[in-house]
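Have a look at the structure below, then the notes.
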Amino acid sequence: MVNGFSNISRQTPLPRSFYNQSTLLLAQALLGKYLYRRWRNSFLVGKIVETEAYIGEDDPACHAARGKTNRNAVMYGPPGFAYIYFIYGMYYCLNVVAEAKGFPAAVLIRALEPLDGIEQMMTFRKNRIVQNLTNGPGKLCQAFHLNRKQNGTNLCGEEVFITNGEAIVSTHIASSKRIGIKVGMDHQWRFFMKDNSFVSRA
DNA sequence: ACGCTGATGAAG
DNA sequence: TTCATCAGCGTT
């Protein structure tokens, strides 16, 4: 144990092929996976426990609903890259680009269960309550120090990546309407772990 | 329930 | 250039 980090050996980043699949399947497949963020030769690590799918130009809630712009360009690129955008004047949200190049879709990472580097997360969040570090999309970006500099980052690289994590039983996954949007409410495209206390809301 | 905060993109 | 909007959070 050095500087609050344990010395667990990290797993191998998931390959690009993992991200090249249906956004709805990817959103569920990401549950239980581990998000790694390199920080000063150590890693901040969290288990993904809540996601949302945003799928193509026909999804009115998707940032690509009005076509390609500078802001959403990463979503139109190849899968397995980070789409990070600034929202509400003060927060960032982390998305994982899904599906083949040219089709704009992504999975929003909405909540994590902190696993390693918790002291560093507390510093970034200015909050010492573990429960309150990563239970929301803006919060987890603050805890993992993710911002516009990481927009477009290759998730098969060294700085930010996702590993196999833990196997999840499908019966432990629940779905609901997506949170914080006013359109596209006809879909249940939010997925989360039942009974995990780090999910952003019940 | 509301204020904070600023990038975004559509309208003019 | 102006303006409403916004995939959130913390405090009331």
Side-chain angles (χ1 to χ4, degrees), chain A residues 19 22-31 35 37 46 48-77 79 81-99 103-114 121-153 155 160 162 173-193 196-202:
Chain A
Y19 302 96
S22 144
T23 314
L24 288 178
L25 290 179
L26 180 62
Q28 294 167 81
L30 281 167
L31 296 175
L35 174 68
R37 195 271 194 262
I48 299 171
V49 298
E50 179 181 348
T51 61
E52 281 178 359
Y54 289 87
I55 313 176
E57 297 180 343
D58 293 335
D59 172 6
C62 181
H63 284 178
R66 290 170 195 174
K68 188 176 182 180
T69 65
N70 286 335
R71 178 209 208 185
N72 64 27
V74 175
M75 282 213 292
Y76 285 78
F81 285 78
Y83 169 45
I84 299 179
Y85 62 87
F86 189 60
I87 190 72
Y88 294 122
M90 48 178 94
Y91 301 109
Y92 293 92
C93 287
L94 168 66
N95 296 254
V96 171
V97 176
E99 314 221 19
F103 186 87
V107 176
L108 171 66
I109 308 300
R110 281 198 58 91
L112 305 170
E113 177 179 333
M121 294 183 204
M122 288 174 169
T123 301
F124 285 142
R125 281 276 297 136
K126 298 180 169 58
N127 189 319
R128 297 202 58 79
I129 302 169
V130 176
Q131 201 62 225
N132 203 23
L133 293 176
T134 54
N135 59 332
K139 294 180 186 180
L140 72 88
C141 282
Q142 218 170 43
F144 275 58
H145 203 253
L146 296 169
N147 52 60
R148 69 177 83 255
K149 290 178 187 169
Q150 282 77 42
N151 185 38
T153 296
L155 295 175
V160 184
I162 297 171
I173 299 176
S175 66
S176 77
K177 291 176 181 175
R178 293 172 291 182
I179 291 176
I181 57 174
K182 291 172 178 168
V183 291
M185 300 299 286
D186 47 334
H187 296 117
Q188 306 243 125
W189 287 354
R190 171 176 176 246
F191 302 96
F192 57 96
M193 300 306 302
N196 186 292
S197 64
F198 294 91
V199 166
S200 67
R201 58 169 101 163

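Below, read A as the first sequence line, B as the second, and so on, with proteins coming before strands; counting in each chain starts at 1.
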Rounded to whole Å, how long is the line connecting atom CZ of A:Arg190 with atom P of C:dG8? 11 Å
Nearest whole Å is fine: how far is B:dT8 C1' from A:Lys68 NZ? 17 Å
Output yes when at least one side-chain N/O atom of A:Arg110 is less than 4.0 Å from OP1 or OP2 of C:dG8, else no. yes
I want to confirm an ordering. Mapping A:Ile179 and A:Asn127 to their closest nucleotides on DNA chain C, which one lands closer to the 5' end? A:Ile179
So, taking the atom named CD1 in A:Ile181 and the one named SG in A:Cys62, what distance separates them when rounded to the nearest 0.5 Å? 10.5 Å
Gap between atoms CZ and C1', on A:Arg148 and B:dT5 respectively (whole Å): 13 Å
Atom CG of A:Asn147 to atom P of B:dG6: distance rounded to whole Å? 15 Å
Any side-chain heavy atom of A:Phe191 within less than 4.5 Å of one from A:Glu50? no
With A:Arg71 as the cation and A:Tyr85 as the aromatic partner, state whether NZ or CZ is under 6.0 Å from the six-membered ring centre and within 45° of the axis. yes
Could you check whether any side-chain N or O of A:Tyr83 sits under 3.5 Å from a backbone N or O of A:Ala106, counting only pairs where one atom can act as donor and the other as acceptor? no
Ring-plane angle category for A:His145 and A:Phe124, please: parallel below 30°, perpendicular beyond 60°, tilted otherwise. parallel
Here the distance between atom P of C:dC9 and atom CG of A:Asn135, to the nearest Å, is 8 Å
Heavy atoms of other groups near A:Asp186 CG, more than 12 under 6.0 Å: yes
Please classify the nucleic acid contact of A:Tyr91 as base, sugar-phosphate, or nothing, using heavy-atom distances under 4.0 Å. base
Could you tell me whether A:Gly138 contacts a base, only the sugar-phosphate backbone, or nothing, with contacts defined as non-hydrogen atoms closer than 4.0 Å? sugar-phosphate
Walking DNA chain C from its 5' end, the first of A:Gly89 and A:Asn132 to be reached, judged by nearest nucleotide, is A:Gly89
Out of curiosity, A:Ser175 OG to A:His187 NE2, how far, rounded to the nearest 0.5 Å? 12.5 Å
Among C:dC9, C:dA7, B:dT5, which nucleotide has an atom closest to any side-chain atom of A:Lys139? C:dC9
Closest to the side chain of A:Arg71, out of C:dC9, B:dG9, C:dA7, is B:dG9
Side-chain contact test, heavy atoms from C-beta onward, threshold under 4.5 Å: evaluate it for A:Ser200 versus A:Arg190 and give yes or no. yes
Kindly say if A:Arg201 contacts the phosphate of C:dC9, meaning a side-chain N or O under 4.0 Å from OP1 or OP2. no
How many Å lie between CZ on A:Arg66 and P on B:dG9, as a whole number? 10 Å
Just to be sure I understand: a Watson-Crick pair is purine N1 to pyrimidine N3 plus N6-O4 or O6-N4, both under 3.5 Å. Using that and G-U wobbles, which stems of three or more pairs involve DNA chain B? B:1-4 with C:8-11, B:6-11 with C:1-6
Figure out the OH/P separation between A:Tyr88 and C:dC9, and round it to whole Å. 10 Å
With a 4.0 Å cut-off on heavy atoms, is A:Asn70 in touch with a base, just the backbone sugar-phosphate, or nothing at all? nothing
In whole angstrom, give the distance that lies between atom CZ of A:Phe86 and atom C1' of C:dC9. 13 Å
Answer with base, sugar-phosphate or nothing: what part of the nucleic acid does A:Arg178 contact at a heavy-atom distance below 4.0 Å? nothing
